[in-house]
Each structure stands twice: as C-alpha cells, then as structure tokens.
Amino acid sequence: MKKLIAIAASVAALALVGPAAAQSPIIIKFSHVVAPNTPKGQGAEKFKELAEKYTNGKVKVEVYPNSQLYKDKEEVEALQLGAVQMLAPSLAKFGPLGVKEFEVFDLPYILPDKAALARITKGPIGKGLLAKLEPKGIIGLAYWDNGFKIMTANRPLIHVADFQGLKMRIQSSKVLEAQFRALGAIPQVLAFSEVYQAMQTGVVDGNENTPSNVYTQKMNEVQKHMTISNHGYIGYAVIVNKKFWDGLPADVRTQLEKAMADATEFSNSISQKENDDAIAAMKKAGTTTFHDQTPEEKAEWMKALEPVTQDMASRVGKDLIAAFKKEASAKSN
Ligand code: LMR
C-alpha cells in the first residue's frame, strides 16, 4: 500500500513537472546601440550570462547590440510599448522621454572624477533620478559607467576659436546643444549608428564621445584630430519595462536583481581600462593626431563653457545642480 502511494505520488509529481519543464523561458530582449566590445556591450553580455545562470534557465536574455533592432529614439519607444524589455541609454538621452533632469550629467566639467560619480549614482541623487522614470512606465535598475569624453574633428581643436562654425554631432540633450553653441560650433542631433557615415560624407565635422565609442565605431578612420579634453561624461541608466518587471515571479525578480548588481560591478570595473585601451589602439593605428591639453588650454575651454550651467539651470533644475555639485566636490571617506 505504501509503495502504491509512493508511485501515485511520483506520477503526480511527474505530471506537475511535465508542463512546468515544457514551459518556455521568460525572454528579456536587451537592445543597445554600441559595439559588443565596449563597457556597455560587455555589461549586457555579463547580465545575460548571470541572469540565465541565477534563474537556472528560467530566463533567457537576448542581447541586440549596435542598433541592430532599434536606433536611439526608437529603442525608448520600443521599451515603453513592450517590444523590448531592457535598455541602457546614455544619460543624455532621457530628455525626449520627459525626464530632462538626467541632463545634469551632461553639464561641462560637472564631474571631477569617478569617485564623485560613484557617490552621486549610489546616493540619493542617483536614486531620485531613477525614481522619476516610474511614472513613464519604466524602472531604473542601475547606473553603468562609460567614461569622460574626447573631442574629434578633422582640424586640431586646441583653442575655443577652433570650434567656430564646425558641425558637431550631439546626442539628444539640450545641455550638449548649449555646450557646442557656447563654443561657437553648430550642434546637430544624430543617432549614434549614423555618426560614422555622417563624418565620412561631411554631414558633420566632428563629435564628442568616449574613446571606447570612438574607436569601436572606427571614427578614427574619418577623424584626423582628437583632443583628450575630458570635458564631460557619458554613462548609462539600465532601464526595464515596469509592467514586465512587476509581472515577474518574485523569486525570478530577486535573481535578476542580483544578476544586475553583479553585472553592474563588472561593467563599472572595466570601463576605465576599455577607454584607456581604445586611446592606445587609436594611437597605434596612426590615423589620428592626439592632443593632450595644457592647463591653460583647459582653462580657456572651462571659461567659455562656464555659462552653460547657469543657462541650463531652468531646464535641469537649479537645486539639482547645486546638490550635484555639492556631492561631486565632497571628499570621499
Ligand atoms: C552616443 O550616442 O554617442 C552614445 O550615447 C552611445 C552610447 O550608448 O554610448
């Protein structure tokens, strides 16, 4: 009798396992615009690896790099519609979504170093900004680092006057628009995937970006001069469709949160080296002349760009800028 009960129990268990095992995995489509061998590209791959591992295959992450699925503006719309579940747009691309406060990160020279970045993104300012996404149907999961920007063009960019009349590609940020206007250049919003060709055909003369982005898009083939100015910053917010995230089984969501925390640590740990390596590789390729700024040249740029922060205060938020600056200049313990 005992044996019979045991058999009946295992048959019942099998019947339960059957359909559960046959259940298809939860799919997360993670779309982004940069190359796989960038800090963000590698962060996305690390998240895929860990998410699939921690959930025991209950979740499958499909990473679509290089604007394969969607370009900058389209990908945010796709996320809201639920056509993709996860993105990591740069912090300069949240204005069109209606959360223009993220553009505080675009203000020239606002971030002195990566320690300040960590204090801001991990503290109340970073958390407060992510919380602003929720009413848009989006949850902000993490900040991923890329790095400080260099300037590129086909003429040397030494003095502010060198920018006069240059058509410079920008991301869709009003702060970046104001920045290039302050330098006397003509800013032009373009999707990241279109930049190389726009440079090749002369639609734009130059751009600002991180060395990793410049190198992995082969911009050094079509830009003769680069100035290592570190005048601004590019980083990302990893975001997910709220309806999708809230609808996940609680245990799966916890495992994915852990995968995201670990992938974040990984991505942030490689970003500086990726950018340093990109500069070294471009120097080796020899198609571009690099210029390191003297302190006097840097001071000249800073002076020209100083009014941008004041001019953008009504857009980004005066109090936010003040709090950001205070935290940025605080000493790390
Ligand atoms: C750009 O558009 O230049 C960058 O935001 C691309 C990226 O995602 O790093």
Side-chain angles (χ1 to χ4, degrees), residues 20 23-34 36 39-65 67-102 105 118 120-146 235-268:
Q23 226 172 47
S24 40
I26 299 164
I27 306 283
I28 296 180
K29 290 189 177 169
F30 189 152
S31 169
H32 69 82
V33 300
V34 293
K40 175 161 67 179
Q42 294 183 59
E45 284 302 329
K46 181 57 85 179
F47 173 70
K48 171 185 168 64
E49 175 199 324
L50 298 178
E52 293 176 356
K53 184 169 147 198
Y54 295 166
T55 63
N56 256 321
K58 272 190 240 161
V59 169
K60 191 166 175 293
V61 180
E62 295 172 0
V63 180
Y64 298 94
S67 309
Q68 230 172 67
L69 274 190
Y70 300 106
K71 294 197 255 182
D72 299 315
K73 197 163 164 291
E74 303 158 359
E75 69 172 16
V76 177
E77 286 158 11
L79 184 83
Q80 286 184 295
L81 292 171
V84 294
Q85 288 69 41
M86 200 173 272
L87 309 172
S90 96
L91 302 168
K93 291 180 183 167
F94 286 84
L97 192 63
V99 192
K100 46 196 192 311
E101 290 88 344
F102 279 101
F105 285 94
I120 285 158
T121 52
K122 289 180 184 161
I125 296 175
K127 293 197 174 104
L129 286 170
L130 293 182
K132 288 187 187 292
L133 295 167
E134 292 218 16
K136 313 282 175 193
I138 291 173
I139 292 184
L141 296 175
Y143 287 94
W144 285 2
D145 182 30
N146 186 337
Y236 311 103
V238 187
I239 57 178
V240 69
N241 179 294
K242 179 169 158 57
K243 208 162 146 210
F244 168 79
W245 196 249
D246 290 347
L248 289 171
D251 59 330
V252 170
R253 197 167 46 238
T254 306
Q255 288 151 351
L256 291 179
E257 277 164 2
K258 179 164 164 44
M260 182 53 66
D262 292 354
T264 298
E265 202 169 303
F266 169 77
S267 186
N268 293 349

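Atom set for the values below is all heavy atoms of this structure, side chains included, hydrogens, waters and symmetry mates excluded. Positions are given from 1, in the same order as the sequence printed here.
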- Message: When you measure from the side chain of Gln85 to the backbone of Lys29, do you find a donor-acceptor pair of N or O atoms at a distance under 3.5 Å?
- Response: yes
- Message: Quick one: does any side-chain atom of Asn268 pair with a main-chain N or O of Asp145 as donor and acceptor, under 3.5 Å?
- Response: yes
Considering all heavy atoms, the nearest [X]-[Y] contact:
X      : Y      : value
Gly140 : Leu130 : O-CD1, 3.7 Å
Ile239 : Leu133 : CG2-CD1, 3.7 Å
Leu129 : Phe102 : O-CZ, 3.4 Å
Ala88  : Lys40  : O-NZ, 2.8 Å
Lys46  : Ala263 : CG-CA, 3.9 Å
Lys136 : Lys132 : CG-O, 4.1 Å

Residues which pass side-chain hydrogen bond (donor to acceptor under 3.5 Å, both in side chains) with [X], listed by chain and number, not counting sequence neighbours:
X      : value
Lys48  : Glu52
Lys93  : Asp72
Gln255 : none
Tyr143 : none

- Please test Val61 against Met86 for side-chain contact (heavy atoms from CB on, under 4.5 Å), starting from the C-alpha separation and ending with a verdict. CA-CA 10 Å; Val61 180; Met86 200 173 272; over 6 Å; no
Note, [X] side chain near [Y] side chain (heavy atom, < 4.5 Å):
X      : Y      : result
Glu257 : Trp245 : yes
Leu50  : Phe266 : no
Val33  : Tyr70  : no
Ile138 : Leu97  : yes
Asp246 : Ile139 : yes

[atom2] on [Y] to [atom1] on [X], rounded to 0.5 Å:
X      : Y      : atom1 : atom2 : result
Lys258 : Lys53  : NZ    : NZ    : 9.0 Å
Trp144 : Met260 : CH2   : CE    : 5.0 Å
Gln80  : Asn241 : CD    : CG    : 8.5 Å
Thr55  : Leu248 : OG1   : CG    : 10.0 Å
Glu74  : Leu81  : CD    : CG    : 12.0 Å
Glu75  : Phe30  : CD    : CZ    : 9.0 Å

- Message: Under the rule for salt bridge (Lys or Arg N to Asp or Glu O under 4.0 Å), what residues qualify as partners of Lys127, not counting sequence neighbours?
- Response: none
- Message: Among Asn146, Leu91, Leu87, which residue satisfies the side chain to side chain contact (heavy atoms under 4.5 Å, CB included) criterion with Tyr236?
- Response: Asn146
- Residues passing the side chain to side chain contact (heavy atoms under 4.5 Å, CB included) test with Ala92, sequence neighbours excluded, are Ser90, Asp106, Gln171, Ser173, Leu176
- List the steps, then state whether side-chain contact (heavy atoms from CB on, under 4.5 Å) holds for Ile28 with Leu256. CA-CA 11 Å; Ile28 296 180; Leu256 291 179; 3.9 Å; yes
- Would you say Glu77 has more than 12 foreign heavy atoms packed within less than 6.0 Å of its CD? yes
